[in-house]
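Okay, so here's the structure we're looking at.
Keep in mind that this is a model prediction, so the values were computed, not measured.
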Amino acid sequence: MKSMKKVITLSVTGLLLAGAAAPLTTVHAASVKTASTAYQKSKTKASYSYAKKMLAKNRTGFSGKTSYIFSKKTYPTSGAVYGYSDFLLGLKGLGYKFTKAQRTKVANSLVLNRKSTPADLATAVIATRAVGLNPQKLHQTGAKTTLNLVSALYHRSMIKQTVNVQSQALIALSTGSYKRPGNAKFSKTSLSSAIVKNQLSNNGWAYDNQVANADSDTTAMAVTALARSKSTSATVTSAIAKGQAYLKDAVYPSGAFGYAYKGKTFPNANSTAEAIIAFSTKQNTVKLVNGYFKSGQTTSPMRAMLGYVRSTGSIKGATTQTLGVGQVNLANAAYRQALKHRSVYSIN
């Protein structure tokens, strides 16, 4: 399931063109920049190649301040840098085949114990599933027993967790057909209801449930989570539609999306990627990814997001390339899968 603000506050996709959304009367298609097939292919190849190098070298980037992606010493509470689940799932969604050695590295690097948070467990479920491991029977080298990350997550209370963590947990539990333990602290239905209950009067969501702090990142995660719940409840389907309406209104003229912090918003690749993932959850909104839908909009979200990809494949303005490259790749994969009527989170 994770923008620079997200690094501070929370844990937890496209080679073909989608049709443009029905334009408003004040927007002219000829003046809106979209991402051509060639542009998407070039930028995606660059970010995908960069991610593969990061994985091979176990580094969060290749310039500036970098660290290991997987390290128990560096990350004593999780064993992996924040954002690694999106990083791994982004690679998987774009066709990467993980080696046995890489799967072993992911499993052995994780720090899992009674103090592990719901956010860490949800991230671990997605990450292990993405590389081809079974999160219900995770084996770490030298261990006498296997670990059930799904059961552990179900035994964490979600009542006081942020919307971001609740959303990440719901997304994690949607990545496979997992058995819910009889004494679980929550269900996917109750988690969906909790997320819906925290939707604000402006149709968005905020990390602290305050209207003034509603932003695209939290809203996009909530929309994606509710869509992945596959609930047929009228309240859930209504909340998804309202959340996507919030995102449509939140787009910048540049086509990018941003996060809110201390009353200001900052457009960036990660927030834009989150919105693309959310639009890719429904067939009636996937067309918005490379289209236009608001008066004054000059660029599609896909074109805007790919504009942050440098020629090297790294992402401009990313706090770490694990998060930056990871979410851009995940957004590209989500979009591509949506065009085929599939979800990047339906991991085989």
Side-chain angles (χ1 to χ4, degrees), residues 1-13 42-99 101-112 116-117 119-120 122-124 126-128 130-131 164 168 217 256 258-259 261 266-274 305-333:
M1 166 187 209
K2 316 163 188 210
S3 92
M4 288 173 281
K5 183 215 65 166
K6 288 173 54 189
V7 172
I8 300 172
T9 61
L10 49 129
S11 80
V12 353
T13 303
S42 173
K43 291 290 188 175
T44 301
K45 180 180 179 180
S47 61
Y48 177 65
S49 297
Y50 194 89
K52 289 196 296 183
K53 292 177 183 177
M54 289 170 61
L55 183 62
K57 296 181 179 297
N58 191 25
R59 302 299 298 182
T60 60
F62 301 113
S63 63
K65 185 178 181 181
T66 66
S67 60
Y68 294 115
I69 299 174
F70 305 104
S71 170
K72 289 185 176 181
K73 181 178 180 180
T74 307
Y75 314 103
T77 62
S78 67
V81 69
Y82 175 78
Y84 73 102
S85 63
D86 286 353
F87 174 79
L88 295 173
L89 186 55
L91 279 168
K92 167 70 174 179
L94 292 175
Y96 187 79
K97 305 296 183 182
F98 294 94
T99 66
Q102 289 170 337
R103 290 194 293 271
T104 300
K105 180 187 288 291
V106 171
N108 289 346
S109 76
L110 297 179
V111 175
L112 301 163
S116 295
T117 66
D120 287 339
T123 300
I126 296 173
T128 53
V131 300
N164 297 312
Q168 186 74 350
D217 290 64
Y259 65 89
Y261 185 65
F266 302 84
N268 61 89
N270 294 91
S271 296
T272 308
E274 290 278 22
M305 182 187 73
L306 294 179
Y308 288 98
V309 180
R310 298 187 179 97
S311 59
T312 60
S314 65
I315 309 301
K316 301 173 186 175
T319 302
T320 73
Q321 294 305 321
T322 311
L323 188 62
V325 171
Q327 287 194 322
V328 166
N329 283 340
L330 183 56
N332 274 324

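With sequence neighbours excluded, the residues forming a side chain to side chain donor-acceptor pair (under 3.5 Å) with N108 are T141, listed by chain and number. Checked against side chain to side chain contact (heavy atoms under 4.5 Å, CB included), A127 has the following partners two or more places apart in sequence or in another chain: Y84, S85, L88. With sequence neighbours excluded, the residues that form a ring-ring contact (aromatic ring centres under 6.0 Å, His included) with Y96 are F98. Here T104 pairs with nothing under the side chain to side chain donor-acceptor pair (under 3.5 Å) rule; sequence neighbours left out. Legend: residues meeting side chain to side chain contact (heavy atoms under 4.5 Å, CB included) with S314, ordered by chain and number and at least two apart, are Y50, R310, T312, Q321. For K57, the side chain to side chain contact (heavy atoms under 4.5 Å, CB included) partners are R59, F62, not counting sequence neighbours. Not counting sequence neighbours, the partners of A46 by the side chain to side chain contact (heavy atoms under 4.5 Å, CB included) test are V309.
Closest approach of G79 to V111, counting heavy atoms only: N-CG2, 3.6 Å. Shortest non-hydrogen contact noted between L323 and G83 is CD1-CA, 4.0 Å. Closest non-hydrogen pair, G258 versus N268, comes out as CA-ND2, 3.9 Å. Across E274 and D217, no two heavy atoms sit closer than the pair CG-OD2, 4.4 Å. Scanning both residues, A269 and I315, for their nearest heavy atoms gives CB-CG2, 3.5 Å. Residues S109 and F70 come closest through the heavy atom pair OG-CD2, 3.4 Å.
In this structure, K92 and V131 have side chains that are not in contact, with every pair of non-hydrogen atoms separated by 4.5 Å or more. Looking at heavy atoms from C-beta onward, V328 lies out of side-chain contact with Y308 at the 4.5 angstrom threshold. The side-chain heavy atoms of T128 and L110, taken from C-beta on, include a pair separated by under 4.5 Å.
The distance from the OG1 atom of T319 to the NZ atom of K65 is 12.0 Å, given to the nearest 0.5 Å. If you take OG on S47 and CG on L306, they are separated by 7.5 Å, rounding to the nearest 0.5 Å. Note that NZ of K52 is 10.5 Å distant from CG of N329, once rounded to the nearest 0.5 Å.
Note on residues 71-81: pairs passing side-chain hydrogen bond (donor to acceptor under 3.5 Å, both in side chains), not counting sequence neighbours, are S67-Y75, S71-T74.
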Side chain to side chain contact (heavy atoms under 4.5 Å, CB included) between Y48 and L91: does it pass, once the steps are laid out? CA-CA 7 Å; Y48 177 65; L91 279 168; 3.8 Å; yes
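The backbone N or O of I69 lies less than 3.5 Å from a partner atom in the side chain of N58, making a donor-acceptor pair. In this structure, Q327 contributes its side chain and G324 its backbone to no donor-acceptor pair below 3.5 Å.
The closest side-chain donor-acceptor pair between T123 and D120, if any, does not fall under 3.5 angstrom.
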